[in-house]
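When a ligand or atom number is given, it counts from 1 through the structure's own listing order. This one's a predicted model, so the numbers in the text were calculated from it and none came from an experiment. Hydrogens, waters and symmetry mates play no part in the numbers below; they use all other heavy atoms, side chains included.
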Amino acid sequence: MGWTLIYFLSCIPIAFSFPETDGSSFFDTQGPSFSIEPPGRVEFMNNAGNTVDCAANGNPPPNIQWLDKENNPISSIFKARHVLANSSLYFQPFAAEEFRQDVHWSIYRCTASNSVGTIISKDVVVRAVVHQRYEPEVQNPGGFLGSNVLIKCTIPSFVKEYVTVTSWLQEPNFNIYPSLEGDGKNHMLLTGELLVYNITKSDAQKVYRCRTHHKLTQDSVVSNNVGKIQLTEMRELVPPIINEKNTKLMIRAGDPLVVACVAYANPKPTYRWHTKRANNEESIQHMLATGRAKTKDGTLIISAVTKVDNGAFFCTVTNSEGTETFKVDLSVTSALSASIQPAIQTVSLGHTADLVCSISGFPRQSVVWMKDGGTLRTGSRVRLLSNEHIHISSIVKEDKGMYQCILKNDFESTQSSAELRLGEVAPQLLYKFIEQTMQPGPSVSLKCSASGNPTPKIVWYVDGFPLPNNDRLMIGQYVTMFGDVISHVNITAVKSEDGGDYECRALSKAGVASHSARLNIYGMPYIRHMPKLSAVAGKVFTLKCPIAGYPIETVNIEKGKIL
Ligand SMILES: *[C@@H]1O[C@H](CO)[C@@H](O)[C@H](O)[C@H]1NC(C)=O
Ligand SMILES: *[C@@H]1O[C@H](CO)[C@@H](O)[C@H](O)[C@H]1NC(C)=O
Ligand SMILES: *[C@@H]1O[C@H](CO)[C@@H](O)[C@H](O)[C@H]1NC(C)=O
């Protein structure tokens, strides 16, 4: 049974202002990238403490988290370690007895995550050093008249890593600084020892002190003791004797190298350098001939070490009494760097993507690929074409996110990240509510769901206007694990005035999809309040009269007349 009365209703359009559904910040996402990536090594004194920064850009702003050696998120530890409000990691100054291996001598990483994905920093090796006084000590080497002598400055092993010998003092006031070649008599090596050439009786009268510098405390300490060359007066014949026959040196490509070959011998020996470097065509003779290297009375000098110098160098010391060999194992290193290209790529579902990590630096040990902070799982679809090349075929939704290549050797690690975006897919409605006609009283639920990339959002309208605010009406919206959005409008205890043309509109920057159907509630005709409307001259203007009640027989629209 319907209403038989004929009602004349009037709608009064005055000014039309349609609410804009602004979702710009919702749409323009950007994966995280480090604006401050923590350094690979953090050393500090226990009494100073330290702060390690980690910050990242992205939209939405990434969330920073610190992980421990086992990749577990860390928390603050009273009086030891704190994660600050700005995401920096703060190590509080501590007393020697409060040293904790798990906190102060460990490896950390920081991660940056947002809705796009997650990236992880390179390893941060943390070394807190407990302050201890140290005493450098000058040794008293022996030598024959006319021979070369190496004077060493011994640094206690507990600080050796942080202390360098900066100069030598020949008393009372002659300073000797490190150089490639020395002054012909005194040569302070880049490694800190003092080489004295062709010693004379007067050299044996001189006294030497070494000066050292601690890079963390900035303390400069001069040896308390003095060293002196012990001249061997005896005329006996001695074959070459070398105390340390083997040494390992690590050097950055481009840096100079100075190695002294010094033997205790009588008569004065001759020194000859050669190399036995694997598949290296460049002999020492060639290096000398081209001027890349020179030798000076047993001292080998290379002004700029290159990658090919990696390997073993030998110094053969010979006199009439015998021969001895001194071996230097040279490891040439170069800072690691990695860079994934392209940094951002957009790929449509079903298509393919390639990620190439350009790497440099040596020695090189490993390249590991990560996806959103975890190890990248490879298979038939995600393939490792080489260590440095990932090929993804038939792209699916889960492939989107942040990819990283992490390059590591024994000395350092570095990383680069890239974002894989899915091509835009216009919203599509997967589920639509249907027209319903009902009596007042019960509850009603209207549902729409939509897919698309980026995930659309759903907005609701009734008769072209946003839904009215009332406590019987609830709008709910959530995104499923597949990235589809589901939205409900639930109205409890429906009244006839709730009737109308309901519309769900799924929108993203890729487009809009909408659906509308009528909800009819039996009852007297009713006109909802209309906001001000505005129309653009010359454009089509549509107006739907926000009427409720059912059944309605006639609707009149009138202009400029208030009933
Ligand atoms: C974070 O805060 C600490 C303490 O206020 C400060 O030392 C550090 O520089 C800050 N880091 C950044 C990245 O702003
Ligand atoms: C030391 O003396 C030898 C000769 O005995 C000489 O060939 C050599 O150049 C001298 N070394 C230096 C550094 O002056
Ligand atoms: C609306 O009703 C549906 C179906 O009864 C329910 O699944 C949903 O959670 C409700 N939503 C809200 C916001 O109440």
What protein heavy atom is closest to [atom], reported as residue, atom name and distance in Å?
atom	answer
atom 4 (C) of ligand 3	Ser445 OG, 3.9 Å
atom 1 (C) of ligand 3	Asn490 ND2, 1.4 Å
atom 10 (C) of ligand 1	Asn86 ND2, 2.4 Å

Qualifying residue for side-chain contact (heavy atoms from CB on, under 4.5 Å) with Phe34, from Ser121, Pro62, Ser417: Ser121

If you apply the rule ring-ring contact (aromatic ring centres under 6.0 Å, His included), what do you find for Phe44 with Phe91, and how did you get there? CA-CA 9 Å; Phe44 59 96; Phe91 292 96; 5.4 Å; yes

Would you confirm whether Gln404, through its side chain, and Ile120, through its main-chain N or O, come within 3.5 Å as a donor-acceptor pair? yes

Enumerate the atoms of ligand 1 whose separation from the nearest heavy atom of [X] is less than 4.0 angstrom.
X	answer
Ile36	13 (C)
Leu84	2 (O), 3 (C), 4 (C)
Ser88	1 (C), 10 (C), 11 (N)

Option of least heavy-atom distance to atom 7 (O) of ligand 1 (set: Asn50, Thr51, Leu89): Thr51

Look up atom CG in Leu384 and atom CG in Leu355, then write down how far apart they are to the nearest 0.5 Å. 11.0 Å

Output yes when a protein non-hydrogen atom is found under 4.0 Å of atom 14 (O) of ligand 1, and no otherwise. yes

Would you mind running through ligand 3 and noting each atom that sits below 4.0 Å from a heavy atom of Gly476? 13 (C)

Hey, is Ala55 one of the residues with a heavy atom under 4.0 angstrom from ligand 1? no

Among Lys408, Arg41, Lys69, side-chain hydrogen bond (donor to acceptor under 3.5 Å, both in side chains) partner for Asp123: Lys408

By salt bridge (Lys or Arg N to Asp or Glu O under 4.0 Å), which residues pair with Asp102, not counting sequence neighbours? Arg100

Using the rule given for salt bridge (charged side-chain N to carboxylate O under 4.0 Å, His left out), can you reason through Glu161 versus Arg127, listing the C-alpha separation, both sets of side-chain angles and the distance that settles it, and then say yes or no? CA-CA 11 Å; Glu161 222 183 314; Arg127 295 284 179 259; 5.8 Å; no

